[in-house]
Each structure stands twice: as C-alpha cells, then as structure tokens.
Asker: 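After the structure tokens below, expect a handful of questions from me.
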There are 2 protein chains.
Amino acid sequence: MVKKTKSGFKKNTDSVSNAFSRSGMSMQEVESKLVDHGIQPSLQRIKLAQYLLGKADHPTAEQIYTWAQKELGKISLATVYNTLSTFIECGLIQEFKFPHLDQVIYDCRMDHHFHFVDTKSQRLHDVDSGSLRVQLKLPKKFLVEKFDIVFKGVIED
Amino acid sequence: MVKKTKSGFKKNTDSVSNAFSRSGMSMQEVESKLVDHGIQPSLQRIKLAQYLLGKADHPTAEQIYTWAQKELGKISLATVYNTLSTFIECGLIQEFKFPHLDQVIYDCRMDHHFHFVDTKSQRLHDVDSGSLRVQLKLPKKFLVEKFDIVFKGVIED
DNA sequence: TTTTACTTTTAGAATGATTCTAATATTTTA
DNA sequence: TAAAATATTAGAATCATTCTAAAAGTAAAA
C-alpha cells in the first residue's frame, strides 16, 4: 500500500547520478510532488517520476525501463510496472492504450486531452480538449459519460 | 494466398449443419460474397463469414472460435485467426481495438462508424458517422487523415 | 535503540491474446 | 493422374503485462 507519511524518509542515495539536475524537476521537487500525492518517495519512485514528469514524452514501460536502467544501474522491470500502477492509482499520471500500438503509453498530463498520431514518425502529440468540439446525436437513452479520440495523420514539414 | 477463381470449388459439406438456414445469409449467399471479395470459399471460411456477417455482434476471436467449434465440431484456433486476417485483408470485415478490452473485436460494418461502450454490460453499439460532427482547431501543419472515437456511458432502461 | 510491522523491490514464473512453424490435407491446374 | 498451389492444423513461440513469494529496506512501537 501507499500511505501518507508526515515526513519523508531516508533514501539510499549512494548510486544516484544527477543526469537531470539541469532539466525537468529536481529530486527535491519530485519528492514533494510524490508526497503530495500520498506516495512514499523511494529512490526508484523519485527517479521514475523525474523521468515521467520532466523528460519523457509519452513513453512506454519499455522505454521507461531502459532509461531507468541507465540511470539507476539496476532496477527490476516489475518495479517499473509496480511504480507505474502506483502513480496511476494516486493520480500522478494516466495511461493510454491506442489501437495502433500494442503497448500502454504513460502520460503526465492529467487534464482531459486527446492525441494526434503522426503516422510518419509514430510520435504522439497532445491535443487540448479546448481545440475540439464534438456534437453527437444519439437516442436519448444513451448517456455519454466520456469519450476518447485519436487523430491520425501527418505533419507537414 | 487468396486468389480469385472463375468458379467456386467443391466443399466437403458432410458435416455442415444448418443452424443458420433461418437467420442471416444462406451458405450460398455467403459463398458468393466471399468469391466477390476474392476469397476461396472453403467450409470453414463460409461458416465463419456466415457468423460474422449475419449473426455475430462485435465478436472477439474467442467468441468466434467457440461458436465455430459448436458449428463445425472441430476447427483450429489458428484457422480462426488466419481466416479473420484473410477477411480483413480482402475488405470483408474490419478489426477494432478498444482501450477497455484486451482482445480485438471484429466488425462486419465496413463504413466509417464509431462505437459506444455500455459500461454496464460492456456491450458495443454502433454510432453512425452521420450522427457526429467534429470541429478541430490545430496548427495547419497537422493534417488529419482519420480519427477514431469511442464513447463510454450507460444506457437508460 | 531493538524489535516488530509494514512497505518496497526483486527475479522469475505465469498469463493470455495473437502469431509463427512446419507438417498434413485439400483443391486446382497442367 | 501428377504436380503445384492453397488451406488447415497442432502446438510452439512471442511479447506485454501481471503474479508470486521471498528478500531488502524503512517506520513506528516498546
């Protein structure tokens, strides 16, 4: 379980490199963000959160794992999945599944938004919910609670 | 490969039951539909097409397999998947992947349409493309070629 | 502190949908 | 009919993700 703690706890920061000291959030900033979300800030969680919140762009679990291995030297793939589940549970990130991709992608944007898939690069771009208007005519017994949209296309150079 | 043939060919119709003689298409109708699409009408293909085109409602491969086993007595799961691929390749059906489901669903509607997921029953309902209007404001370099929408909600009794 | 109770991390096994492989059966063409 | 092509099959392989059960780490109680 992930429980709130009044104060953070000591971490074995021995093997911490500071590849990100210059980009994204600092360890401290990430740490308090985790605490804010009720997540105990272990080293692995801080590092993964740092990547997810500051550096990554719609990464897959595999990409996160690869990055984390470089960063931490050694981490279990199970930890990556466990941590991602925890982050999702606690509302730090969301996950998306796309028809064109057999892997889940993780997204640090927590607002309601959509995605554009560049079919050339396979890269994802965010589409703000404000840039979209949807009108739907259905029999009134269909009560729509939410909808997902994925746009596919190319990006002109 | 699936090649056009001038005429149909003999099938071992020995074990054919006619559970569907009263609903959906007849074997003959299905057979010519297959031929129209350049698909050699084997017994397995006819039966699966009969199910997909006339009886099934957004089935998964598993459901198709289960039905086919009852209908044909014996059929390989690989045949089900092979046949579905063939049907898709030849434009007889489409496949859809949904975020809420870990299996592909197969759809005999070939027009552009969308889906509504009833979160109570998990059942899918078709949404005609005409019942939807989407306005999108993106930077002009984003050239949208297509989009998928999935609506989620409940159906009032 | 020291003990005790939790929580986190881990390696590797398990799962489950789908695809692959390579052999056999069936059908078409020559 | 023989030869060539296509279809079907059982079972193995794949691959992302989840599960399991043990080991390591951390916090709170005594």
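Chain A is the first sequence line, chain B the second, and so forth, proteins listed ahead of strands; every chain is numbered from 1.
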Asker: Could you tell me how far apart B:Glu95 (CD) and C:dT18 (P) are, to the nearest whole angstrom?
Answerer: 9 Å
Asker: Provide, to the nearest angstrom, the distance between the CD atom belonging to B:Gln44 and the P atom belonging to C:dA25.
Answerer: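 So the CD-P distance, B:Gln44 to C:dA25, works out to 14 Å.
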Asker: Specify the separation, in whole Å, of atom CD of B:Gln63 and atom P of C:dT18.
Answerer: 11 Å
Asker: In this structure, how many angstroms lie between the C1' atom of C:dT18 and the CG atom of B:Leu101, rounded?
Answerer: 14 Å
Asker: For nucleotides 10-17 of chain D, give me one character per nucleotide, 5' to 3': B if any protein heavy atom sits under 4.0 Å from the base, S if the only such contacts are to the sugar-phosphate, - if neither.
Answerer: B-----SB
Asker: Whole angstroms only, please: what is the OH-P distance between B:Tyr65 and D:dT9?
Answerer: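 Nearest whole value for this atom pair: 9 Å.
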Asker: Using whole Å, what does the distance between atom P of nucleotide C:dA17 and atom CZ of B:Phe98 come to?
Answerer: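 After rounding, the gap between these two atoms is 17 Å.
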Asker: Can you tell me the distance, in whole Å, between the CD atom of A:Gln40 and the P atom of C:dT8?
Answerer: 5 Å
Asker: Tell me every residue that passes side chain to side chain contact (heavy atoms under 4.5 Å, CB included) with A:Lys146, counting only those two or more places apart in sequence or in another chain.
Answerer: A:Asp148, B:Lys152
Asker: State yes or no: do A:Leu136 and B:Ile155 share one hydrophobic cluster built from I, L, V, M, F, W and Y residues joined by side-chain heavy-atom distances below 4.5 Å, directly or via other members?
Answerer: yes
Asker: Tell me: NZ of B:Lys47 to C1' of D:dA7, nearest whole Å?
Answerer: 18 Å
Asker: Who passes salt bridge (Lys or Arg N to Asp or Glu O under 4.0 Å) against A:Lys97, sequence neighbours left out?
Answerer: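 By the salt bridge (Lys or Arg N to Asp or Glu O under 4.0 Å) rule, A:Lys97 matches B:Asp102.
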Asker: Output all residues satisfying side chain to side chain contact (heavy atoms under 4.5 Å, CB included) with B:Gln28, sequence neighbours left out; order by chain, then residue number.
Answerer: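 Residues passing side chain to side chain contact (heavy atoms under 4.5 Å, CB included) with B:Gln28: B:Ser26.
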Asker: Name all pairs fulfilling the side chain to side chain donor-acceptor pair (under 3.5 Å) condition that reach into residues 104-118 of chain B, sequence neighbours left out, sorted by first residue then second.
Answerer: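 Applying side chain to side chain donor-acceptor pair (under 3.5 Å) to every pair that reaches into residues 104-118 of chain B, excluding sequence neighbours, yields B:His58-B:Asp107, B:His58-B:His115, B:Asp107-B:His113, B:Asp107-B:His115, B:Arg109-B:Asp111, B:Arg109-B:Asp128, B:His113-B:His115, B:His113-B:Asp126, B:His115-B:Asp126, B:Asp118-B:Ser121.
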Asker: With sequence neighbours left out, what residues match B:Phe87 under ring pair (Phe, Tyr, Trp, His ring centres under 6.0 Å)?
Answerer: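 B:Phe87 satisfies ring pair (Phe, Tyr, Trp, His ring centres under 6.0 Å) with no other residue.
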Asker: Would you say a side-chain N or O of B:Ser42 is under 4.0 Å from OP1 or OP2 of D:dA7?
Answerer: no
